[in-house]
Amino acid sequence: MTIGFYRNAKRGLAFLCAVLMLVCYFGSIAVADNEPGYYLVGSMNGWAVNADYKLTQNTGATVTEYMITLDLAENAEFKVVWSKDGADRTTWYPDGDNYKVTETCNYTVYFRPDYNGGSD
């Protein structure tokens, strides 16, 4: 009776370890594999594409516009980047110098990929 208990406990422990390994494996893929889109990258996130910094489409705008609201510290620098798979950063906006924050505050960053000033 005792031998059967230990044998089943070992099988249960092996199964639990396998499940935990799968959860860890697939969990790490989900974090690293962001959706295609525009992201804010900069000194606040190590210049890395991160789902927490993905811009969302502003459906209230009259032109194609994306936005994100977040806290930024004084002297933070950033750009908007297009990422097709959450890893490759294929297009950077602006082309030249980074945007630089002048004071610590909560900001809403608006981005129009077509460079359209719009009427709003």
Side-chain angles (χ1 to χ4, degrees):
M1 188 77 147
T2 305
I3 294 173
F5 171 77
Y6 286 118
R7 191 174 299 148
N8 288 335
K10 285 173 68 176
R11 286 182 188 149
L13 183 59
F15 176 75
L16 178 61
C17 288
V19 169
L20 289 174
M21 286 173 42
L22 286 173
V23 168
C24 290
Y25 177 75
F26 286 111
S28 66
I29 288 175
V31 171
D33 190 37
N34 295 315
E35 295 178 3
Y38 293 101
Y39 292 83
L40 203 67
V41 296
S43 58
M44 70 286 185
N45 63 6
W47 297 93
V49 173
N50 181 314
D52 293 338
Y53 294 90
K54 185 172 190 239
L55 282 71
T56 57
Q57 189 158 13
N58 180 4
T59 56
T62 58
V63 296
T64 302
E65 178 177 85
Y66 296 85
M67 60 188 279
I68 185 171
T69 301
L70 71 163
D71 293 325
L72 292 171
E74 181 178 4
N75 296 321
E77 294 187 31
F78 66 90
K79 288 188 176 207
V80 173
V81 66
W82 167 257
S83 178
K84 65 180 178 186
D85 60 5
D88 294 329
R89 297 168 296 214
T90 56
T91 309
W92 295 76
Y93 305 91
D95 292 333
D97 294 336
N98 304 330
Y99 293 111
K100 189 170 185 177
V101 174
T102 57
E103 65 180 84
T104 299
C105 193
N106 183 268
Y107 291 90
T108 300
V109 177
Y110 294 92
F111 172 68
R112 294 180 175 170
D114 299 329
Y115 298 100
N116 183 338
S119 60
D120 52 344

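Only a predicted model underlies this, so the values are computations on that prediction, with no experimental measurement involved. Sequence positions, counted from 1, serve as the residue numbers for this chain.
Side-chain heavy atoms closer than 4.5 Å link hydrophobic residues (I, L, V, M, F, W, Y) into clusters, and following such links, even through other members, never connects Met67 to Leu40. With hydrophobic clusters built from ILVMFWY side chains whose heavy atoms lie under 4.5 angstrom apart, Ile68 shares a cluster with Tyr107. In this structure, Tyr66 is a member of the same hydrophobic cluster as Met44, with clusters built from ILVMFWY side-chain heavy atoms closer than 4.5 Å. Tyr99 and Tyr110 fall into different hydrophobic clusters, where Ile, Leu, Val, Met, Phe, Trp and Tyr are joined by side-chain heavy atoms under 4.5 Å apart, directly or via other members.
In terms of heavy-atom proximity, Trp92 sits nearest to Val41 at CZ3-CG2, 3.5 Å. Annotation for Tyr38 and Pro113: closest pair OH-CB, 3.3 Å, computed over non-hydrogen atoms. The minimum heavy-atom distance between Lys54 and Gly37, with the atom names listed, is CE-CA, 4.1 Å.
Contact of the Asp114 side chain with the Val63 side chain is not registered, since no non-hydrogen atoms from C-beta on lie closer than 4.5 Å. Between Thr64 and Arg112 the shortest side-chain heavy-atom distance does not fall below 4.5 Å.
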Show every donor-acceptor pair shorter than 3.5 Å between a side-chain atom in residues 70-81 and any protein atom, with sequence neighbours excluded, or say none if there are none.
| from | atom 1 | to | atom 2 | distance (Å) |
| --- | --- | --- | --- | --- |
| Asp71 | OD1 | Asn106 | ND2 | 2.9 |
| Glu77 | OE1 | Asn98 | ND2 | 2.8 |
| Lys79 | NZ | Pro94 | O | 3.0 |
| Lys79 | NZ | Gly96 | O | 2.6 |

